[in-house]
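Counting convention: from 1, in listed order, for ligands and their atoms alike.
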Amino acid sequence: MSGSLTPDLDPVEFRRVLGHFATGVVAITAIDPATGQPTGLAANSFTSVSLDPPLVAFCVAHTSTSWPRLRRAKRFCINILAEGQDEVCIALSRRGADKFADLAWHPSPSGEPVIPGAAGWIEASVDAEHRAGDHDIVVARVHALGAEDRLPLLFFRGMYGRLSA
Ligand SMILES: Cc1cc2nc3c(=O)[nH]c(=O)nc-3n(C[C@H](O)[C@H](O)[C@H](O)COP(=O)(O)O)c2cc1C
């Protein structure tokens, strides 16, 4: 069902209030099977869902031009960005650009791009997709994963931040 904002609900206010919820940021990457080139997007809607079976989820806007490329790859890599990786996030959120022009990567076990310096990587495939307003909730099954001892990149009220002790 297509929807619209409740008439008295201001979209700017919606964004402003929801921006008070601090999150991490992931870079979802894959090799587009149609071109053989790396593709990806930055997302802060990522969450862990289930241990058995191992599932995670994130939300993708219907306007995303990268998600259709990512989803036709059999598997993708969810990179948990580390503090100081603001530029990786900015590069992967730039619409239309060659997002990987200045980004280094190495292949995950199934060949998807792992971003060096990330705090963690999760190799996954689409398990289910649910329409939710102007986004899809993507539930993904985890196949392999790893983490480094690094602090996370944080996103809060439109700004990048880091944990302070
Ligand atoms: C911090 C941050 C978080 C983002 N989170 C999401 C998200 O959860 N879902 C989404 O669809 N786009 C998100 N975006 C936007 C995408 O990274 C990207 O800009 C968008 O998909 C447009 O690029 P595309 O057309 O290449 O997909 C986020 C951007 C930033 C900077």
Side-chain angles (χ1 to χ4, degrees), residues 2-5 11-50 55-105 112-142 150-163:
S2 70
S4 57
L5 280 177
V12 175
E13 182 67 355
F14 182 93
R15 281 214 173 101
R16 190 185 72 79
V17 173
L18 272 294
H20 284 67
F21 183 62
T23 66
V25 185
V26 295
I28 305 169
T29 61
I31 302 295
D32 180 352
T35 62
Q37 297 302 311
T39 183
L41 61 81
N44 69 336
S45 56
F46 173 77
T47 188
S48 167
V49 174
S50 161
L55 300 172
V56 295
F58 50 87
C59 301
V60 185
H62 292 160
T63 51
S64 170
T65 57
S66 297
W67 175 242
R69 289 194 280 268
L70 285 163
R71 98 181 278 296
R72 66 184 168 217
K74 275 208 184 89
R75 291 193 179 183
F76 45 84
C77 186
I78 301 166
N79 295 267
I80 302 170
L81 296 184
E83 72 174 7
Q85 290 192 307
D86 320 19
E87 292 304 326
V88 175
C89 178
I90 291 164
L92 287 172
S93 60
R94 217 170 270 142
R95 182 184 291 258
D98 176 6
K99 299 184 179 191
F100 280 82
D102 298 316
L103 285 187
W105 60 275
E112 311 312 334
V114 174
I115 312 248
W121 60 273
I122 300 162
E123 206 177 77
S125 59
V126 173
D127 186 81
E129 286 175 278
H130 306 281
R131 278 184 87 81
D134 54 14
H135 280 57
D136 283 346
I137 303 169
V138 180
V139 179
R141 182 177 281 255
V142 175
R150 296 195 175 105
L151 293 174
L153 174 65
L154 300 183
F155 193 66
F156 175 64
R157 294 175 66 181
M159 293 175 296
Y160 299 100
R162 56 187 63 202
L163 285 176

Q: In ligand 1, which numbered atoms sit nearer than 4.0 Å to a non-hydrogen atom of F155?
A: 1 (C)
Q: Counting N and O atoms only, with roles assigned by atom type, does the side chain of E83 sit under 3.5 Å from a partner on the main chain of L163, one being a donor and the other an acceptor?
A: no
Q: Is there any N or O on R69 that sits under 3.5 Å from an N or O of ligand 1?
A: no
Q: Tell me the protein heavy atom at minimum distance from atom 22 (C) of ligand 1, and give that distance in Å.
A: R95 NH2, 3.7 Å
Q: Please report whether ligand 1 has a polar contact with T65, defined as an N or O pair separated by less than 3.5 Å (distance criterion only).
A: yes
Q: Backbone or side chain, does any N or O of S66 fall under 3.5 Å from an N or O of ligand 1?
A: yes
Q: Ignoring hydrogens and angles, tell me if any N or O in the side chain of H62 forms a donor-acceptor pair with the backbone of H135 under 3.5 Å.
A: yes
Q: Determine whether more than 12 heavy atoms belonging to other residues, nucleotides or ligands lie under 6.0 Å from atom CZ of R15.
A: no
Q: What atoms of ligand 1 come closer than 4.0 angstrom to any heavy atom of Y160?
A: 31 (C)
Q: Quick one: does G96 get an N or O within less than 3.5 Å of an N or O on ligand 1?
A: no
Q: So, is S93 polar-close to ligand 1, with some N/O to N/O distance under 3.5 Å?
A: yes
Q: Going by the atom numbers of ligand 1, which of them fall below 4.0 Å from some non-hydrogen atom of V60?
A: 11 (O)
Q: Within the distance-only criterion (no hydrogens, no angle test), does the side chain of N79 pair as donor or acceptor with the backbone N or O of A27 below 3.5 angstrom?
A: yes
Q: How close do E112 and T29 get, heavy atom to heavy atom, and via which atoms?
A: CB-O, 4.3 Å
Q: Heavy-atom distances under 4.0 Å are what count here, so tell me which part of R94 touches ligand 1: side chain, backbone, both or neither.
A: neither
Q: For ligand 1, is there an atom lying under 4.0 Å from some heavy atom of F58?
A: no
Q: Identify, with sequence neighbours excluded, every residue that meets side chain to side chain donor-acceptor pair (under 3.5 Å) alongside D127.
A: none
Q: State whether any protein heavy atom lies less than 4.0 Å from atom 28 (C) of ligand 1.
A: yes
Q: What distance separates Q85 CD from R150 CZ, expressed to the nearest 0.5 Å?
A: 7.5 Å
Q: Short list, please: which atoms of ligand 1 are under 4.0 Å from a heavy atom of K99?
A: 23 (O), 24 (P), 26 (O)
Q: With no hydrogens and no angle check, is any side-chain donor or acceptor of S64 less than 3.5 Å from a backbone partner on A61?
A: no
Q: Relative to ligand 1, is F156 under 4.0 angstrom through side chain, backbone, both or neither, heavy atoms considered?
A: neither
Q: Run the numbers for me: atoms of ligand 1, each under 4.0 Å from some heavy atom of C59, listed by number.
A: 7 (C), 8 (O), 9 (N), 10 (C), 11 (O)
Q: Closer than 4.0 angstrom, basic N to acidic O: yes or no for E123 and R75?
A: yes
Q: Less than 3.5 Å between some nitrogen or oxygen of A42 and one of ligand 1, yes or no?
A: yes
Q: At what distance is the nearest protein heavy atom to atom 2 (C) of ligand 1, and which residue and atom is it?
A: C89 SG, 4.3 Å
Q: Donor-acceptor pair, D32 side chain versus A34 backbone, under 3.5 Å?
A: yes
Q: Examine the side chains of S66 and K99 and answer whether a donor and an acceptor come within less than 3.5 Å of each other.
A: yes
